[in-house]
Amino acid sequence: MNSDLVKIFQEIATLLDIKKVAFKPRAYEKAAFSIESLSEEVGEIYKNKGIKGLEDISGIGGGIAEKIEEYIKTGKIKEYQKLKKELPVDIAGLTQIEGIGPQTVKKLYENLKIKNATGLEEAIKKGLLTTRGGFSKKTEERILKSLGFLKAGHGRYYLGDILPIARDIIEKIKTFPGVEQIEYAGSLRRMQETVGDLDILITSKYPSKIMDFFVKMPGVVEVTVKGETRSAVRLNLDIHADLRVMSPESFGAALQYFTGDKYHNIALREIAIKKGYKLNEYGLFRGKKMIAGKTEKEIYEKLGMAWMSPEIRTNNGEIEVALTHKLPKLIDYGDIKGDLQVQTDWTDGEHSIKDMAEAAKKQGLQYIAITDHTKSLAMTGGNDEKRLLKQMAEIDKINKSLSGIKILKGVEVDIKKDGSLDIADEVLVQLDVVGASVHSHFNLSEEDQTKRIILAMENQHVDILFHPTGRIVGRREAYKLDMEAIIKAAKRTKTILEANGSSRLDLKDEHIRKAIEAEVRIAIDSDAHSIDQFSFLEYGIAQARRGWAEKKDVINTRSWQEMLKLLK
DNA sequence: GCCGTTTTCGGCCCGACTGTTTTCAGTCG
């Protein structure tokens, strides 16, 4: 229901944009955004509090509330259907093609009756864009390129794939003569799950020289934009990179502006206006006078709030909290002392227990829990009770031979279809850390899946629910699950929820935030399967920061002795 | 269409780059 309405309102916004209606499009966009970040179904809100309840949602007033009511009652919105009839095209599909916006969508339909990306491609093949469409050859080429880019599946990249590459590129640009300050901004600086492109900011006395270096840098395949202060290129990994050169007085303003996100920035600029200022990427101004811009901190402070970490800049309440100076002190990237999910070559990991322990120590960790798979996961050679006991004895031996790192005995026990576990309680009780997780029967109904998992959480030995929703970024959707019920059960059964730092990134940030609000603790794990994968902890911490987690909310920020006290 | 510690009416985020525009519209971030 919510996601349908989000799509409809976004589409209404674009349709009104096309008709050049003023201001209404922004109102519909805002409403869509509000609904998207809602934790409750609008249907529930309407049922409990009626149309008044809907109007209490920010960005939703009388008009849109009525439309939601209409949708709840009839399953459709007349106004939307009317607009759609005038322009019956796949707007979202077309506008996601770079360079195509609302007006181009209209032109494509009116001149050529093009309704979607496939139709567009066919029209280009027939040469219709230039012959009858009223488009120039250059525009046609640009659209064709964007289509190819989209078809290759290169939209957004998983954070963990792109962060190391971005850091390399920054190092490379640092070597250009004349580069002073350099930072990356955008979704990468916000450490979002996925990153669309690289936004790099530089200060330099020689902007045009820097631009020349940048567009000729090794790895650049194509230059899409080149100007005095901004250039954009496509790199050989099909990643777009944007470079902007700013003056030092404006560096903080630019960093703030290009870090975003968009909604956070809009909210900030609205606050600036109310205070009689103007905020842009060059600074905060009163009239012509610049009153802040050198650092992000001074801009936030002049706007009446404390500086906040990029990870939480989403306009999901952080601005309101910042205005009252009650921002959470987010967990820091160096705060994790131990890793509670680690696989070894006893199952599907690549390296031995000892190698993993030594690698963890090198990474600065004080302890790890070995949590190999169990027998239900036959493809990984999962441990049965007997082999698990043998592994525990082995860990005792290795612990005696190592210093500076403690190895805890653990398991990633498989939750069977009926919610029971595939390792006997008599063995589980002997372990330090029991993580339980789902690896099969992803297609159960929400009710059955939720019941199944809660049953496992009720086991007195299950300390942590590993990767609770089963999703993998860009690869696999989460299974259907009543997250609210899971969080409630976690509280009741004293089960820790995991924030998995591998490409699962599971729990998601919004669920972490809800868990913490419900005073459920989390564990940030790497789920490392080889010695180089402890670096995944960084992404797990980012995830937790986006979920507003503080150090105290995360059990493995404690020493292993203190951490164990928080388990069942 | 929404909203209010200047307002229940009159505002609504801001600027760079591109194209074919000779003064601005479209798109993007």
Side-chain angles (χ1 to χ4, degrees), chain A residues 9 12-34 54-68 77 79-80 94-108 130 134-143 146 185-190 195-201 207 211 223-232 240-246 250 253-285 303-304 315 323-324:
Chain A
F9 289 147
I12 291 179
T14 314
L15 287 162
L16 293 173
D17 255 334
I18 290 171
K19 295 175 76 127
K20 307 244 170 126
V21 176
F23 305 115
K24 284 193 195 183
R26 301 293 79 75
Y28 278 101
E29 249 173 28
K30 245 186 195 166
F33 178 76
S34 269
L54 296 175
E55 283 178 35
D56 285 344
I57 302 165
S58 89
I60 293 178
I64 292 181
E66 268 176 31
K67 290 194 172 64
I68 296 173
I77 294 172
E79 170 98 16
Y80 169 63
L94 282 170
T95 52
Q96 72 167 342
I97 299 163
E98 182 116 358
I100 294 187
Q103 298 307 325
T104 311
V105 169
K106 183 186 180 196
K107 191 169 164 188
L108 285 169
T130 50
F135 292 90
S136 70
K137 191 79 198 152
K138 249 189 170 161
T139 307
E140 185 197 62
E141 272 171 24
R142 205 187 60 214
I143 292 176
S146 308
S187 49
L188 188 64
R189 182 157 179 256
R190 298 199 315 277
V195 175
D197 52 19
L198 299 181
D199 294 295
I200 301 163
L201 299 177
M211 289 304 174
V223 181
T224 44
V225 174
K226 183 164 183 264
E228 271 295 293
T229 61
R230 177 188 174 214
S231 291
H240 287 284
D242 249 49
L243 184 77
R244 289 181 173 80
V245 180
M246 308 297 300
S250 293
L255 190 57
Q256 192 291 309
Y257 184 92
F258 290 108
T259 296
D261 73 4
K262 185 174 141 193
Y263 301 104
H264 177 87
N265 282 357
I266 290 174
L268 237 50
R269 291 195 288 266
E270 281 169 353
I271 291 174
I273 289 170
K274 278 186 196 133
K275 289 185 178 285
Y277 302 144
K278 185 178 75 167
L279 177 63
N280 59 27
E281 64 262 51
Y282 299 104
L284 185 66
F285 298 88
L303 291 175
N315 196 23
L323 284 167
T324 61

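So that the names make sense, note that chain A is the first sequence line, chain B the second, and so on, each numbered from 1. The analysis underlying the following values was restricted to heavy atoms, covering all of them including side chains, and did not include hydrogens, waters or symmetry mates.
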Write down the distance separating the [atom1] atoms in [N] and [M], rounded off to the nearest Å.
N      : M      : atom1 : result
B:dT21 : B:dG26 : C1'   : 11 Å
B:dG29 : B:dT22 : C1'   : 28 Å
B:dC12 : B:dC17 : P     : 25 Å
B:dA25 : B:dT20 : P     : 15 Å
B:dT6  : B:dG11 : C1'   : 12 Å
B:dG10 : B:dG15 : P     : 26 Å

Practice task
Using a 4.5 Å cut-off on heavy atoms from C-beta on, say whether the side chain of A:L108 contacts that of A:I100.
Solution key: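 A side-chain contact exists here, since the closest heavy-atom pair is under 4.5 Å.
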
Handout entry: Beyond-backbone contact of A:I271 with A:L323, side-chain heavy atoms, under 4.5 angstrom
Key =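 Answer yes - side chains close enough.
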
Problem - For A:E29, all residues meeting side-chain hydrogen bond (donor to acceptor under 3.5 Å, both in side chains), sequence neighbours excluded - result: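 Here the qualifying residues are A:R26.
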
Handout entry: Partners meeting side-chain hydrogen bond (donor to acceptor under 3.5 Å, both in side chains) with A:T130 (sequence neighbours left out)
Key =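 side-chain hydrogen bond (donor to acceptor under 3.5 Å, both in side chains) list for A:T130, sorted by chain: empty.
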
Integer-rounded Å distance: [N] [atom2] and [X] [atom1]:
X      : N      : atom1 : atom2 : result
A:L279 : B:dG15 : CG    : C1'   : 12 Å
A:I271 : B:dC14 : CD1   : P     : 14 Å
A:D17  : B:dG1  : CG    : P     : 15 Å
A:E141 : B:dT18 : CD    : P     : 16 Å
A:N280 : B:dA16 : CG    : P     : 8 Å

Practice task
Please name all residues satisfying ring-ring contact (aromatic ring centres under 6.0 Å, His included) with A:Y28, sequence neighbours left out, ordered by chain then number.
Solution key: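 Listed in chain order: A:F9.
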
Practice task
With sequence neighbours left out, write down each residue that passes ring-ring contact (aromatic ring centres under 6.0 Å, His included) with A:F33, or none if nothing qualifies.
Solution key: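 Residues passing ring-ring contact (aromatic ring centres under 6.0 Å, His included) with A:F33: A:Y263.
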
Sequence neighbours left out, cut at 3.5 Å: what donor-acceptor pairs do the side chains of residues 273-280 of chain A make with other protein atoms?
unit_1, atom_1, unit_2, atom_2, d
A:N280, OD1, A:Y282, N, 2.8
A:N280, OD1, A:G283, N, 3.2

Practice task
Using side chain to side chain contact (heavy atoms under 4.5 Å, CB included) as the criterion, list what pairs up with A:Q96, not counting sequence neighbours.
Solution key: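 Listed in chain order: A:L150.
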
Looking at [N], I'd like to know if its phosphate oxygens (OP1 or OP2) sit under 4.0 Å from a side-chain N or O belonging to [X].
X      : N      : answer
A:T224 : B:dC17 : no
A:K67  : B:dG1  : yes
A:Y282 : B:dA16 : yes

Completion exercise
In 5'-to-3' order, the base (B), backbone-only (S) or no-contact (-) status of each nucleotide in nucleotides 23-29 of chain B, using a 4.0 angstrom heavy-atom cut-off, is ---SSSB

Partners of [X] by salt bridge (charged side-chain N to carboxylate O under 4.0 Å, His left out), sequence neighbours excluded?
X      : result
A:D56  : A:K52
A:D242 : A:R230, A:R244
A:K20  : none

When you compare the protein's N or O atoms with those of nucleotides 20-22 of chain B, which come within less than 3.5 Å of each other, and at what distance?
unit_1, atom_1, unit_2, atom_2, d
B:dT20, OP1, A:S136, OG, 3.1

Problem - B:dC14 - base-pair partner by Watson-Crick or wobble geometry, distances under 3.5 Å - result: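 Pair assignment: B:dC14 / B:dG29.
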
Practice task
For A:I64, answer base if it contacts any base atom (sugar-phosphate contacts may also be present), sugar-phosphate if it contacts only those atoms, and nothing otherwise; contact means non-hydrogen atoms under 4.0 Å.
Solution key: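 Sugar-phosphate, backbone atoms only, no base.
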
Protein and nucleotides 3-12 of chain B: nitrogen or oxygen contacts under 3.5 angstrom:
unit_1, atom_1, unit_2, atom_2, d
B:dC3, OP1, A:G59, N, 2.6

Practice task
Give the nucleotide from the list B:dC17, B:dG15, B:dC2 with an atom nearest to the side chain of A:A27.
Solution key: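 From the listed options, B:dC2 comes nearest.
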
Problem - A:E79 bridged to A:K24 by N-O distance under 4.0 Å - result: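 The answer is no: the pair does not qualify as a salt bridge.
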
